[in-house]
Amino acid sequence: MPPHNIETGHQDVVHDVAMDYYGKRIATASSDNTIKIVGVSGTSHQQLATLSGHQGPVWQVVWAHPKFGSMLASCGYDGCVIIWKEGGRPDEWVQAHTFTEHKSSVNSIAWAPHELGLCLACGSSDGNISVFTARADGIWDTTRIDQAHPVGVTSVSWAPAMAPGALITAGPSGQFEYVQKLASGGCDNTVKVWKLQNGSWRMDCFPALQMHKDWVRDVAWAPNLGLPKSTIASASQDGTVVIWTEAKEGEQWVGRVLHDFKTPVWRLSWSLTGNILAASDGNNNVTLWKEAVDGTDTNEEHEPEVERDVNARKRHESVTTDGK
């Protein structure tokens, strides 16, 4: 399929793009303070809506699972997190809720797996992580991880809802155990794992995971399909991507460098099966890395499976002076 260029209509840098569950619409976030919704069908596209509400650059936008309706969350330099809902008419969007708990730029947001309900994690330059959970009465409960990364949180990612090994240990009823865990990356060069226990978040890795020599730009927890092993990928300003594995629940996390890109690596994304990792880097390349049968990773520099010049999504590049 040939590349298809989409005109977003933004007046400034685009920092993030997210496709909805059905692949019919994309949402884009920009330094022009807006979010654009674009309908996509084959090789054609149509601008559907402009969402205005942030008072500064918008870093990230994420679609909620469609079981919760047509809903988006966005975060930005203004410290706000906004929940957007599609209104009574198609392509009419309203601000359903605005969170202003953070005192500095909110750099990363992530919806929890839908099995855990409507729940959003947010990481900020103020060093804190907040988790907002919607109740049946429409009120949002808030839990916090104060000073998760004291010099700034750059990224958050949810663990799969299904506990590691659940596929093996599930009883005859087929009931699975669900867990609430987060991975976070920060300006302290570390990756941390957090677990919700008795209503409060506690660090679940000791010590913090540290192999990077500069800011961690992104973390991505891989789907595990109920198998015992847990996997997290982290990308850094130092040019490396590290794959962290926990062989089974409670064991030590072990890290290994996937590749040194020799340029900052901005974003990571796993395939639904958790065996292919996409990475976007500072040379405007996107590469795919596939886990081989023996557990090593293929792709390497010589004959990458996919390596195309694209506009890598550099959500932090233009604001490196504000603690991001």
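Keep in mind the model is a prediction, meaning the values are calculated, not measured.
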| task | Could you tell me whether K67 and E115 make a salt bridge, using a distance below 4.0 angstrom between a side-chain N and a carboxylate O? | result | no

| query | When rounded to the nearest 0.5 angstrom, what is the spacing between CD1 in I82 and NE2 in H97? | reply | 11.0 Å

| Under 3.5 Å donor-acceptor, D12 side chain and D32 backbone | no

| said: Can you see whether W244 engages T231 through a side-chain donor-acceptor pair at a distance of less than 3.5 angstrom? | reply: no

| For the side chain of Q47 and the backbone of E7, is there at least one donor-acceptor N/O pair under 3.5 Å apart? | yes

| task | In sequence, state the C-alpha distance, the side-chain angles, and the governing distance for V62 and W111, and then conclude on side-chain contact (heavy atoms from CB on, under 4.5 Å). | result | CA-CA 7 Å; V62 287; W111 289 110; 3.5 Å; yes

| query | Would you say the side-chain atoms of N285 and T287 include a donor-acceptor pair closer than 3.5 Å? | reply | no

| For atom CZ of F68, is the number of surrounding heavy atoms from other residues, nucleotides or ligands below 6.0 Å larger than 12? | yes

| Pair T154, W215: side-chain N/O donor-acceptor within cut-off below 3.5 Å | no

| note | In I35, V58, T34, the residue satisfying side-chain contact (heavy atoms from CB on, under 4.5 Å) with L51 is I35

| field | Ion pair K229/E249, N-O distance below 4.0 Å | value | no

| task | Kindly compute the distance separating CD1 (I37) from CG (D91), expressed to the nearest 0.5 Å. | result | 8.5 Å

| field | I83 vs F99, side-chain contact (heavy atoms from CB on, under 4.5 Å): CA-CA, chis, key distance, verdict | value | CA-CA 8 Å; I83 307 294; F99 300 104; 3.7 Å; yes

| field | Atom NZ of K195 with >12 non-hydrogen neighbours under 6.0 angstrom | value | yes

| R217 and S234 side chains, donor-acceptor separation under 3.5 Å | no

| message | Between the side chains of D126 and K103, is the shortest nitrogen-to-carboxylate-oxygen separation below 4.0 Å, so that they form an ion pair? | response | no

| query | For the hydrophobic clusters of this structure (ILVMFWY residues joined by side-chain heavy atoms under 4.5 Å, transitively), does one cluster hold both V38 and V17? | reply | yes

| request: Before accepting this row, confirm whether a basic side-chain N of the pair K262/D281 lies closer than 4.0 Å to the acidic partner's carboxylate O. | output: no

| Looking only at heavy atoms, what is the nearest atom pair of N224 and M162, with distance? | ND2-O, 3.9 Å

| task | Spell out, as yes or no, whether a donor-acceptor pair under 3.5 Å connects the side chain of D204 to the backbone of V193. | result | no

| query | How many angstroms lie between CG in L196 and SG in C119, if you round to the nearest 0.5 Å? | reply | 8.5 Å

| remark: In short, S271 meets P223 closest at the heavy-atom pair O-CG, 3.5 Å

| Closest non-hydrogen atom pair between H149 and D188, with its separation | ND1-OD1, 2.9 Å

| request: Indicate whether any N or O donor in one side chain lies under 3.5 Å from an N or O acceptor in the other, for Q55 and N33. | output: no

| query | Is a side-chain N or O of N107 found less than 3.5 angstrom from the main chain of V153, in a donor-acceptor match? | reply | yes

| CD1 of I129 to CZ of R144: how many Å apart, nearest 0.5 Å? | 10.5 Å

| field | Between H10 and T28, a side-chain donor and acceptor under 3.5 Å | value | yes

| request: Check the pair K36, T8 against side-chain hydrogen bond (donor to acceptor under 3.5 Å, both in side chains), reporting the backbone distance first and the verdict last. | output: CA-CA 7 Å; K36 301 280 188 179; T8 64; over 6 Å; no

| Test log, rule side-chain contact (heavy atoms from CB on, under 4.5 Å), inputs I145 and N128 | CA-CA 6 Å; I145 307 172; N128 303 327; over 6 Å; no

| side-chain contact (heavy atoms from CB on, under 4.5 Å) evaluation trace for T133 with W140 | CA-CA 5 Å; T133 304; W140 292 79; 5.6 Å; no

| message | To the closest 0.5 Å, what do you measure between CD1 (I232) and CG (L268)? | response | 11.5 Å

| said: Tell me whether R135 at atom CZ has more than 12 heavy atoms from other residues, nucleotides or ligands lying less than 6.0 Å away. | reply: yes

| Any donor-acceptor N/O pair, D78 side chain to H54 backbone, under 3.5 Å | no

| Enclosure of N198 CG (heavy-atom neighbours >12, cutoff 6.0 Å) | no

| query | Is there a donor-acceptor pair under 3.5 Å between the side chain of W63 and the backbone N or O of A18? | reply | yes

| said: Please verify the inter-ring angle class for F261 with H259; under 30° counts as parallel, over 60° as perpendicular, anything in between as tilted. | reply: perpendicular

| request: Examine distances only and state if a side-chain atom of S70 and a backbone atom of E86 form a donor-acceptor pair shorter than 3.5 Å. | output: no

| For residues H15 and S30, is any side-chain donor paired with an opposing acceptor at under 3.5 Å? | no

| request: Kindly say whether G9 contributes a backbone atom to a donor-acceptor pair with the side chain of Q11 at under 3.5 angstrom? | output: yes

| Where is the tightest heavy-atom contact between V156 and A121, given as atom of each residue plus distance? | CG2-O, 3.8 Å

| task | Would you check if the side chain of W289 reaches a backbone N or O of L258 as a donor-acceptor pair within less than 3.5 Å? | result | no

| Ring geometry between H4 and H45 (parallel below 30°, tilted from 30 to 60°, perpendicular above 60°) | tilted

| query | Quick check, are the ring centers of W253 and W221 under 6.0 angstrom apart? | reply | yes

| Between S105 and W59: side-chain donor-acceptor atoms closer than 3.5 Å | yes

| said: For residues W158 and Y178: do they belong to one hydrophobic cluster (side chain heavy atoms under 4.5 Å, members Ile, Leu, Val, Met, Phe, Trp, Tyr)? | reply: yes

| remark: Closest non-hydrogen contact found for L118 with A64 is CD1-CB, 4.2 Å

| Are a donor atom and an acceptor atom from the side chains of S184 and K192 found within less than 3.5 Å of each other? | no

| said: Does either side chain, that of S200 or that of Q197, offer a donor lying less than 3.5 Å from an acceptor on the other one? | reply: no

| task | Check W266 against Q237 and note the closest heavy-atom contact, atom names and distance. | result | CH2-OE1, 4.5 Å

